[in-house]
Engineer: 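The structure is given below, and queries will be raised subsequently.
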Amino acid sequence: MVCPAAPVLLLAMTLPLVGPPVARASQPGPSQAGGETGQQLDQESRAGESALLSVYVQLVFSHGGWPAALSKPLPLPPASASSSPGTLAGLSLTTECNVKPDGLTYCACLSGYQWNASICSRHQLCQPPHNHQPCGCLVFSPPEAGYCQVLPPVPGSLSLNSWLQVPGHTLNLTLHTSQETTSLNWFLRRHTGSPGPIPLQPGTQVSLTSSQGQAVLSIRNISHEWEGEYMCCFEAQGFRWELYQLVRVPLQVTDVARLPDQLSISCATSPGFQLSCCIPYTPLGYLASWSPGEGSEASFNTPGDQCLVLATQHCPAADITYTCDLQSPGLTPLRVPVSVTIIQDGDTTCPEDSAVVAWNVTKAGHVAQAPCPVNRTGMVKRTCGPDGAWGPIHSSCTDTRLLALLRRAQLLWAGQGWPAEEVPQSLAQLLEQTEVVSSPSDLLALLGTMTFLAKVVADTRIPLRRSALEALLKTTDKVLDMDTSSLWTPAQVQKPSAASDLLLAVETLSHSLCPQDHPFSFSLPNVQLQTQLLTPTVPADYRVSFSTQPPLWAQIPRRSLAPLDTSNSNITITSLVLRKLDHLLPSNYGQELGDSLYATPGLVLSISIMAGGQAFNQGEVTMDFGDRDNPFHCVFWDHHLFQGNGGWSGEGCQVQAANASATTQCICRHLTAFSILMSRHTVPGNPTLELLSQVGLGASILALLVCLGVYRLVWRVVVRNKLAYLRHAALLNVVLCLLAADTCFLGAPLLPPGPRSPLCLAAAFLCHFLYLATFFWMLAQALMLAHQLLFVFHQLSKRRVLSLMVVLGYLCPMGFAGAALGLYLPRGQYLGEGVCWLDGKGGARYTFVGPVLVIVGLNGLVLAMAMLKLLRPSLSEGPQAEKRQALLGVMKALLVLTPIFGLTWGLGLATLLEEVSMVPHYIFTILNTSQGVFILLFGCLMDKKVQEALLKRFGCAQPPNSTISLATNESHIPEPSRGRSENASYEEKMT
């Protein structure tokens with residue numbers, strides 16, 4: 001009776017064949033595993049050659065014991081009379097099998113033998129090892145059986161320049177093979193961390209190359225974290241092979257932690273002190289010692305501790321430097337200094353303090369240091385100022401579990417580990433560790449781990465299962481709820497791109513869901529996710545909505561998805577909404593948004609499309625963030641702006657009024673993270689202000705038409721001399737340009753906005769050109785007056801002056817308007833959002849604001865010069881009555897020249913200063929939309945010659961002579977004094 005757990009022994013023998021082999025006597029049956037190779041050898045052997053003959057012998061031991069006879073040389077079986085003559089050279093054991101109580105047979109190969117790869121791939125291994133381990137033990141189901149095969153010579157070797165590598169250099173481990181190899185993999189067995197071999201994959205530090213007969217593993221910037229036993233696993237000649245190479249990496253000074261790294265003590269209050277020198281575990285076996293060590297004791301605190309503590313009981317008499325010496329046989333010693341400063345009498349010091357930790361007396365200008373609490377790594381520092389006052393406390397203490405997760409993610413990105421297994425594990429552990437986040441360093445470690453995991457997923461393109469994605473979204477929801485003042489703000493001081501990195505990581509990981517897990521919907525207070533799997537036959541439109549306040553929806557038209565029809569693969573669209581994140585992102589704005597401060601609605605919408613494993617970023621998306629009272633900008637988060645810290649950009653996005661609702665929508669021509677920006681100081685849409693603008697423009701247009709009618713009646717009368725002709729010609733061009741500009745500006749809102757509308761583009765260009773032309777003609781008037789004031793006896797020809805005025809009045813503004821159109825239209829920065837006018841936050845506005853402000857400034861200087869000319873003679877000479885008349889003349893000149901010179905536009909500066917008050921906006925709107933009315937009153941109807949011509953035209957009597965004439969250069973002066981005659985000449989030249 002055979003025991004159920006009876007061991008079974010399989011044998012094989014080696015026969016140098018003399019005659020042709022007898023296949024049927026030596027070959028196992030089809031059910032006997034391992035027989036395939038033996039049959040091949042027998043069939044391929046020729047007469048007179050030696051060959052390996054496999055003989056299957058099954059020995060069953062009834063009591064499970066190992067017979068002592070088997071430990072002795074085995075007698076060879078007698079030759080059969082029917083067999084061909086041959087000599088049996090040897091007999092050896094190959095396989096030992098045990099039948100377990102579950103009825104399965106566990107067969108293990110003895111030394112020198114192994115299951116071949118084909119058999120190994122069809123059966124279960126006895127123990128779950130790392131992948132591609134040599135096949136030494138298999139599990140068989142009855143009545144299967146088999147035997148291991150003898151291993152041929154190793155078909156390869158590993159070569160390395162030196163087992164001791166220099167830190168920071170590149171490790172090149174080369175496999176040389178004499179046979180064709182398949183299933184080549186590299187592993188690293190470290191002495192700490194992972195209990196099993198760690199697979200090595202291409203990463204930021206690991207690269208794998210292969211060519212005919214060799215394969216090379218390269219590891220850049222090697223450190224002690226890459227030391228250990230390297231394994232090269234491959235298949236060749238039908239077997240699996242493992243080759244090993246031991247690598248050691250010495251420690252560097254940066255690997256040694258000193259606590260503290262500097263120290264200042266007062267011998268009066270602290271006669272003794274402690275210094276510690278900590279190193280990571282390394283098999284090189286460093287011996288540590290402190291020098292000088294007299295009067296002190298250096299020892300390891302616990303057997304497993306890698307920190308050497310120097311306890312000094314006596315205070316040194318003067319400043320001294322202690323050195324932690326680390327030595328290992330055959331290596332250059334490491335010397336790590338720690339400076340100790342002794343506080344002398346009269347030195348400025350910071351007193352003892354117990355804030356957060358106990359701070360000893362510290363010398364001014366030094367940094368006091370303290371260890372972190374248990375289970376936290378880092379250091380607490382506090383600077384003693386030069387005046388003896390303590391500075392703020394800075395802590396880099398980080399939870400050791402979070403640091404371990406961060407370092408594991410960094411090594412995974414570098415090339416250590418299985419991303420498909422470790423990324424979901426790390427995401428699940430991150431969710432658990434959110435509860436321990438209590439400092440900015442903890443938050444940065446958590447965000448850093450998410451960032452590196454996202455980089456791993458992006459580089460390896462591994463899909464995530466639903467459980468891993470849920471863990472990520474739950475972690476993100478908790479991170480967004482963390483306190484801003486105590487965690488986020490100090491964390492962003494250390495790393496300004498923290499929130500931007502979080503957004504990029506969540507975007508990357510969220511669109512990596514496995515296709516079989518679509519559609520997927522997930523909702524938390526701060527995170528909402530919806531995914532959809534589209535077949536290659538794209539539907540009409542993609543539309544998604546979220547239950548936010550106000551409701552948010554987005555739509556991608558079919559024409560944007562049409563290019564994906566040719567990919568013949570499934571299309572996944574992931575839509576993600578994050579609350580509170582926009583308040584955490586830095587207030588960085590692209591050039592087209594200007595320097596204003598903006599407010600965001602609390603929502604960030606991210607849309608991504610994946611087709612065939614590739615991200616599809618080009619496509620038009622329409623978004624509605626709900627009804628907003630204030631004008632806003634449609635923007636996206638550009639991770640590349642501001643040296644990688646990220647910023648809001650409006651490129652490729654525009655505002656468009658909705659057709660079916662009162663809300664305003666955003667249209668962007670690319671896919672990324674979107675939001676809207678509302679200026680914190682922008683004047684809200686005010687019906688009163690808009691009404692004033694429209695009424696003012698209408699009145700201005702009517703007044704300018706009346707002005708043209710007046711000129712039509714009195715033109716020949718008022719232009720009888722050269723100066724009057726030039727003055728009225730300039731004013732007539734101002735009237736024409738301003739009339740056309742106001743008409744165009746008033747009608748522009750009736751046109752469809754956007755750069756795709758030719759009428760809108762034409763209206764914006766014409767308004768730009770005509771308003772600039774108005775100001776340049778005003779500048780021509782001012783320059784003509786300045787010439788008459790400064791060069792009294794120098795006259796210019798009418799033709800030359802008129803030619804110069806035409807060039808200045810039309811060609812210069814045409815140049816500015818054309819340059820703005822050519823420079824900013826291709827960039828999408830020419831038109832403002834939803835209006836047919838220049839973009840108010842980009843560079844295009846400066847091509848209008850810049851020239852206008854310069855002209856207003858020059859005209860103001862000319863006006864001031866004219867006022868001085870009027871005041872100087874009259875206030876220095878003559879009786880009090882004449883002074884009063886001169887002041888009235890100055891006031892009249894101000895009324896006339898201020899609208900003619902466009903000086904009221906200087907109030908536009910007040911509207912650009914981001915002030916909350918609406919008063920400057922009202923004043924600016926009233927004065928400048930009514931400029932045509934002012935020109936009619938003060939520039940036309942108050943002109944002496946115009947009045948005389950109109951009265952004469954309609955048969956009225958002449959008015960009495962005025963003491964001041966602002967019409968022409970002709971004088972109408974009563975008799976009082978000679979000084980008044982001189983003053984009048986200046987006044988006439990002003991006009």
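Owing to the predicted nature of the structure, the values given are computational and were not obtained by experimental measurement. In what follows, residues are counted from 1 in the order of the sequence shown.
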Engineer: Atom CG in Asp501, atom NZ in Lys495: separation rounded to 0.5 Å?
Structural biologist: 4.5 Å
Engineer: Keeping Trp488 on the side-chain end and Val479 on the backbone end, is there a donor-acceptor pair under 3.5 Å?
Structural biologist: yes
Engineer: How far does OG1 of Thr489 sit from CG of Leu584, to the nearest 0.5 angstrom?
Structural biologist: 8.0 Å
Engineer: Under the side chain to side chain contact (heavy atoms under 4.5 Å, CB included) rule, collect the residues that match up with Tyr244, sequence neighbours excluded.
Structural biologist: Glu229, Met231, Glu242
Engineer: Could you verify whether a donor N or O on one side chain and an acceptor N or O on the other, from Gln205 and Asn221, lie under 3.5 Å apart?
Structural biologist: no
Engineer: Begin from the C-alpha positions of Leu171 and Tyr230 and carry the test side-chain contact (heavy atoms from CB on, under 4.5 Å) through to its verdict.
Structural biologist: CA-CA 11 Å; Leu171 166 71; Tyr230 285 82; 3.7 Å; yes
Engineer: Which distance, rounded to the nearest 0.5 Å, do you find between the CG of Leu217 and the OG of Ser207?
Structural biologist: 7.5 Å
Engineer: Under 3.5 Å, is there a donor-acceptor pair between the side chain of Thr434 and the main chain of Leu431?
Structural biologist: yes
Engineer: By the salt bridge (Lys or Arg N to Asp or Glu O under 4.0 Å) test, which pairs, at least two apart or in different chains, include something from residues 354-364?
Structural biologist: Asp347-Lys363
Engineer: Is there a side-chain contact between Leu472 and Phe522 in this structure, where contact means two heavy atoms from C-beta onward sitting under 4.5 Å apart?
Structural biologist: no
Engineer: Any side-chain to backbone donor/acceptor pair from Asp582 onto Val604? Under 3.5 Å, distance only.
Structural biologist: no
Engineer: Quiz question: by atom type and distance under 3.5 Å, do the side chains of Asp319 and Thr341 form a donor-acceptor pair?
Structural biologist: no
Engineer: I need the full list of side-chain hydrogen bond (donor to acceptor under 3.5 Å, both in side chains) pairs touching residues 457-474, with sequence neighbours left out, sorted by first then second residue.
Structural biologist: Trp413-Asp459, Arg465-Asp517
Engineer: Can you tell me which residue pairs pass the salt bridge (Lys or Arg N to Asp or Glu O under 4.0 Å) test with a partner in residues 398-412, sequence neighbours excluded?
Structural biologist: Glu225-Arg407, Asp399-Arg401, Arg408-Glu422
Engineer: Mind listing the closest non-hydrogen atom pair of Leu503 and Ala673 along with its distance?
Structural biologist: CD2-CB, 3.8 Å
Engineer: Do Cys315 and Ile342 touch side chain to side chain, with heavy atoms closer than 4.5 Å?
Structural biologist: yes
Engineer: Would a distance-only check, ignoring hydrogens and angles, find a side-chain to backbone donor-acceptor pair under 3.5 Å from Arg248 to Trp163?
Structural biologist: no
Engineer: Might you work through the side-chain contact (heavy atoms from CB on, under 4.5 Å) test for Leu331 and Leu326, ending with a clear yes or no?
Structural biologist: CA-CA 10 Å; Leu331 299 179; Leu326 301 170; over 6 Å; no
Engineer: What disulfide bond (SG atoms under 2.5 Å apart) pairs are there with at least one residue in residues 429-477, not counting sequence neighbours?
Structural biologist: none
Engineer: Closer than 3.5 angstrom, by distance alone: can the side chain of Gln369 be matched with the main-chain N or O of Asp261 as a donor-acceptor pair?
Structural biologist: yes
Engineer: Ignoring hydrogens, what is the shortest heavy-atom contact between Pro197 and Phe187? Give both atom names and the distance.
Structural biologist: CB-CB, 4.0 Å
Engineer: Answer yes or no: is there a donor N or O on one side and an acceptor on the other, between the side chain of Arg579 and the main chain of Pro525, under 3.5 Å?
Structural biologist: yes
Engineer: Please name all residues satisfying side chain to side chain contact (heavy atoms under 4.5 Å, CB included) with Ala468, sequence neighbours left out, ordered by chain then number.
Structural biologist: Pro424, Leu427, Leu464
Engineer: Which residue pairs satisfy the ring pair (Phe, Tyr, Trp, His ring centres under 6.0 Å) criterion with at least one member in residues 325-345, sequence neighbours excluded?
Structural biologist: none
Engineer: Looking at Asp442, is its backbone amide N or carbonyl O close enough to the side chain of Ser439 to form a donor-acceptor pair, meaning the two atoms are under 3.5 Å apart?
Structural biologist: yes
Engineer: Rounded to the nearest 0.5 Å, what's the gap from OG1 on Thr349 to CD1 on Ile265? Could you check?
Structural biologist: 13.5 Å
Engineer: In terms of side-chain heavy atoms, does Ser291 have a donor or acceptor partner in Asp325 at a distance below 3.5 Å?
Structural biologist: yes
Engineer: Are any of the side-chain heavy atoms of Leu125 and Cys137 separated by less than 4.5 Å?
Structural biologist: no
Engineer: Check whether Trp226 reaches the backbone of Arg220 with its side chain - one donor and one acceptor, N or O, closer than 3.5 Å.
Structural biologist: no
Engineer: Give the minimum heavy-atom separation between Thr400 and Arg376, together with the two atoms involved.
Structural biologist: CG2-N, 3.8 Å
Engineer: Working to the nearest 0.5 angstrom, can you tell me the gap between Tyr589 OH and Phe642 CZ?
Structural biologist: 9.5 Å
Engineer: Could you pull out the closest heavy-atom pair between Asn645 and Ser500, with the gap in Å?
Structural biologist: O-CB, 3.5 Å
Engineer: Using disulfide bond (SG atoms under 2.5 Å apart), reason through Cys277 and Cys307 one step at a time and then give a plain yes or no.
Structural biologist: CA-CA 5 Å; Cys277 173; Cys307 291; over 6 Å; no
Engineer: Is the shortest heavy-atom distance from the side chain of Leu402 to the side chain of Thr449 under 4.5 Å?
Structural biologist: no
Engineer: Name all residues meeting the ring-ring contact (aromatic ring centres under 6.0 Å, His included) criterion together with Phe273; count only those two or more places apart in sequence or in a different chain, and write none if there are none.
Structural biologist: Tyr322
Engineer: State which residues pass side chain to side chain contact (heavy atoms under 4.5 Å, CB included) with Leu504; sequence neighbours excluded, sorted by chain then number.
Structural biologist: Glu507, Thr508, His639
Engineer: Checking Thr174 now: which residues fulfil side chain to side chain contact (heavy atoms under 4.5 Å, CB included) with it, not counting sequence neighbours?
Structural biologist: Ser159, His176, Gln214, Val216
Engineer: Could you check Leu275 against Arg258 for side-chain contact (heavy atoms from CB on, under 4.5 Å), going step by step and ending with a plain yes or no?
Structural biologist: CA-CA 8 Å; Leu275 304 177; Arg258 300 164 290 171; over 6 Å; no
Engineer: Please determine, by modelled atom types, if Arg382 and Thr362 share a side-chain donor-acceptor pair under 3.5 angstrom.
Structural biologist: no
Engineer: Taking Thr398 for the side chain and Ser396 for the main chain, is one N or O donor matched with an acceptor at less than 3.5 Å?
Structural biologist: yes
Engineer: Once disulfide bond (SG atoms under 2.5 Å apart) is applied, what residue pairs with a partner in residues 378-435 remain, sequence neighbours excluded?
Structural biologist: Cys350-Cys384, Cys372-Cys397
Engineer: Is there side-chain contact between Leu164 and Pro250, with heavy atoms separated by less than 4.5 Å?
Structural biologist: yes
Engineer: How close do Ser485 and Pro490 get, counting heavy atoms only, and between which atoms?
Structural biologist: O-CD, 3.2 Å
Engineer: Yes or no on side chain to side chain donor-acceptor pair (under 3.5 Å) for Asn172 and Ser218, after CA distance, side-chain angles and deciding distance?
Structural biologist: CA-CA 5 Å; Asn172 289 311; Ser218 297; 2.6 Å; yes
Engineer: Mind listing the closest non-hydrogen atom pair of Leu175 and Cys232 along with its distance?
Structural biologist: CD2-SG, 3.4 Å
Engineer: List the steps and the verdict of side-chain contact (heavy atoms from CB on, under 4.5 Å) for Ile343 and His366.
Structural biologist: CA-CA 11 Å; Ile343 300 175; His366 286 248; over 6 Å; no
Engineer: Would you indicate whether the side-chain heavy atoms of Thr475 and Leu446 approach each other to under 4.5 Å?
Structural biologist: yes
Engineer: Can you pull the salt bridge (Lys or Arg N to Asp or Glu O under 4.0 Å) pairs that have at least one residue in residues 199-209, sequence neighbours excluded?
Structural biologist: none
Engineer: Examine distances only and state if a side-chain atom of Thr383 and a backbone atom of Gly385 form a donor-acceptor pair shorter than 3.5 Å.
Structural biologist: no
Engineer: Is any side-chain heavy atom of Leu469 closer than 4.5 Å to one of Leu529?
Structural biologist: yes
Engineer: For the CZ atom of Phe234 and the CH2 atom of Trp241, what is their distance to the nearest 0.5 Å?
Structural biologist: 7.5 Å
